[in-house]
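Below, chains carry the letters A, B, ... as their sequence lines are ordered, and counting in each starts from 1.
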Amino acid sequence: MISASNISFQYNTNSSFTFPDIQLSAGEELLILGKSGSGKTTLLNILAGLLAPQAGEVTIAGQNLYQLTGTKRDKFRGSHIGLVFQKPHILGPLTVRENLDLAQYFSGQKESSLIPKVLEELGIGEKINSQPQHLSEGEAQRVSIARAVVIRPKLILADEPTASLDDENAFKVISLLKDQARKLKAALIIVTHDQRVKDLILNHISMGGAS
Amino acid sequence: MKMLSLSLKYLKDRPLNTLLNILLLGLGLAIISVLIQIQNQFESQMTRDAKGIDLVVGAKGSPLQLILSSVYHIDFPTGNINMKEAKALARNRLVKNIIPMSLGDNYQGFRIVGTNYDYLDLYQGEFKDGDGWKLPFDVVLGAEVAKELNLNVGDTFYGSHGIGSSSHEHDHHPYKVTGVLAASGNVLDKLVLTSLESVWSTHEVEGEEHNHDQLHQEVVQRGFPDAEETKEITTVLLQYRSPMAAVQLPRFINSRTSLQAASPSFEIVRLFELMGVGVKLVTGLAYIIIGIAGLGIFIALYNSLKERKYDLAVMRAIGASKAQLFFHIVLEGLILTLVGALAGIFLGHLFLHFLVMGQEQGALGSIEAWTFLSEEIWIVGYALLVGILASAIPAWGAYHTDIAKQLTK
């Protein structure tokens, strides 16, 4: 489903990164562990098509990501990749439903019945018409998972999804991500420095010499 | 549709700012709308009322005042002239048609005009009810007068001296309504028309015994009444027989007689020139306000862009293209200015409505507050242009949102 090979990136001449190759099939999951500064977020941006690497290839669902240009890559990302960030980044002026609706609109996904269903599965079905500012941190993070999922992505990328959550919420979020990825038969990549998550996903690689 | 509701949601998210910008833009456009309306309606009204009148002849004084009082019935008359002189003028070979008028009385603020049937023909006045005046003290009412004062054929009333509504009454003989005119959209609507003889009788009978014989004699319907030569009238409206008259007649009248001649078209142009300075000043002010409104919208969008960098980055991350973000911001500018334009046009008409209210007899009485002109579409177009200009730079900023940088901060 996703493969990344020989990727390297440098912000300036002093700091350059080389990244381990990644090969993941549909329904598989991967945890990338690394300290801050190890370049793991850079890797995630590269995998998401947000940041072009200096060298190497990223292929998602048979499509070489960086052969697509501008708008086409935006659209490809919108329809194939579900992104979950460290902070939920829910759009403030819109309700939960409208946020998810917008994600579907930009990705060309029209299955609006998916929205209440996914929210129900994530345990926040009653929040569908809430304004984002009335959600707790954990709820907001779940909404951002829902936003990644309602487009039926082939790949779910999560960047430090548990960093600002307590233990209970952190475990829940990881298991919800795993559940949803399995249901969608999507590949799941979680990038984190959170050691609590380590035992929940067996397949992991480490970066920057971290444990 | 999605993009439209998205932009609307963001505008609603900062209601005070949005309201302020709409009001500011609306105010500027309202002023322009009012100016367009007044200028347009005033000009067309003035041109319509002066149609068919080549020259106005009256007592010496301000020519503009002469025109305003005898053609538009909005200023005070310059004084009276001797009917003998007017009759002499009528015999001039350069004069095709001449209409005598006697002004100076009113009923409830509506001016009473003593004239003949030629005046009705000049404006193609048609009767809705009744017929023209036959005897002294018979009157015909303009459509607006009849409606406003609720008078019908057969009703009677006493006129007052002077042209303001608070002057003293002529309470010796009442006027009797014999006809009501259909609405014509010109100056006839606001007048009370009668014969020259009626006006003379009103003033003669003050303190004297009525000459009853005279009051039952039919009045003259065309030309001048066959009265003593000492009688006075206020003005005459005349039509030239040939273009040559336009050159010779005014000069002849102004230099050789004790009368004054003024051309309506010339005086109107002069009037608009005088008004033009004020109009320009107010227009300039309106454009400044609109400029500030545009700047306000620009600043509001620019500032909101800073707060919204995350939101824009998120939109990009979930698949929005750069062009869609650009469109999203421009759309906000367009919604703001479109609503501002509509608010401005509405405010402008509302302002006109209050301006005209209770002004039926005044100079602004002929202005219709709720008619819409095609020029007002330009106001909308102009506002949208302001919207595009004000949102272009912020939209360009949105276009270049660096997603990776924003989301991983």
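Judged by distance alone, the side chain of B:K322 and the main-chain N or O of A:T71 form no donor-acceptor pair under 3.5 Å.
Interface summary for chain A: among B:S321, B:A320, B:A323, the most heavy-atom pairs under 4.5 angstrom belong to B:A320. Of the listed residues (B:Q324, B:R308, B:M315), the greatest number of heavy-atom pairs within a distance under 4.5 Å of chain A belongs to B:Q324.
Heavy atoms from other residues, nucleotides or ligands lying under 6.0 Å from CZ of B:F351 number 12 at most. More than 12 heavy atoms of other residues, nucleotides or ligands lie within 6.0 Å of CZ in A:F76, so this atom counts as buried by the packing criterion. At most 12 heavy atoms of other shown residues, nucleotides or ligands fall within 6.0 angstrom of atom CD1 in B:I393. The number of heavy atoms from other shown groups lying within 6.0 Å of NZ (B:K147) does not exceed 12. Other residues, nucleotides and ligands contribute over 12 non-hydrogen atoms within 6.0 Å of the NE2 atom of B:H349. Around the CG atom of B:L389, the shell of radius 6.0 Å holds more than 12 heavy atoms that belong to other residues, nucleotides or ligands.
Scanning residues 8-25 of chain B against chain A with a 4.5 Å non-hydrogen threshold yields B:K9, B:Y10, B:D13, sorted by number. Interface with chain B: from residues 50-65 of chain A, residues A:L50, A:L51 qualify, criterion being any non-hydrogen pair under 4.5 Å. Interface residues of residues 101-121 of chain A toward chain B, defined by a heavy-atom distance below 4.5 Å and sorted by number: A:D101, A:L102, A:A103, A:Y105, A:F106, A:S107.
Between B:L6 atom CG and A:L94 atom CG the span is 6.0 Å, to the nearest 0.5 Å.
Under the side chain to side chain donor-acceptor pair (under 3.5 Å) criterion, A:K154 pairs with no residue, sequence neighbours left out.
For A:L91, the parts sitting under 4.5 Å from any heavy atom of chain B are the backbone and the side chain alike. In this structure, the portion of A:R147 lying under 4.5 Å from any heavy atom of chain B is its side chain and not its backbone.
Minimum interatomic distance between B:D311 and A:P93 (heavy atoms only, all atoms of both residues): OD2-CD, 4.2 Å.
Between B:R316 and A:D74 a salt bridge is recorded (basic side-chain N to carboxylate O distance below 4.0 Å).
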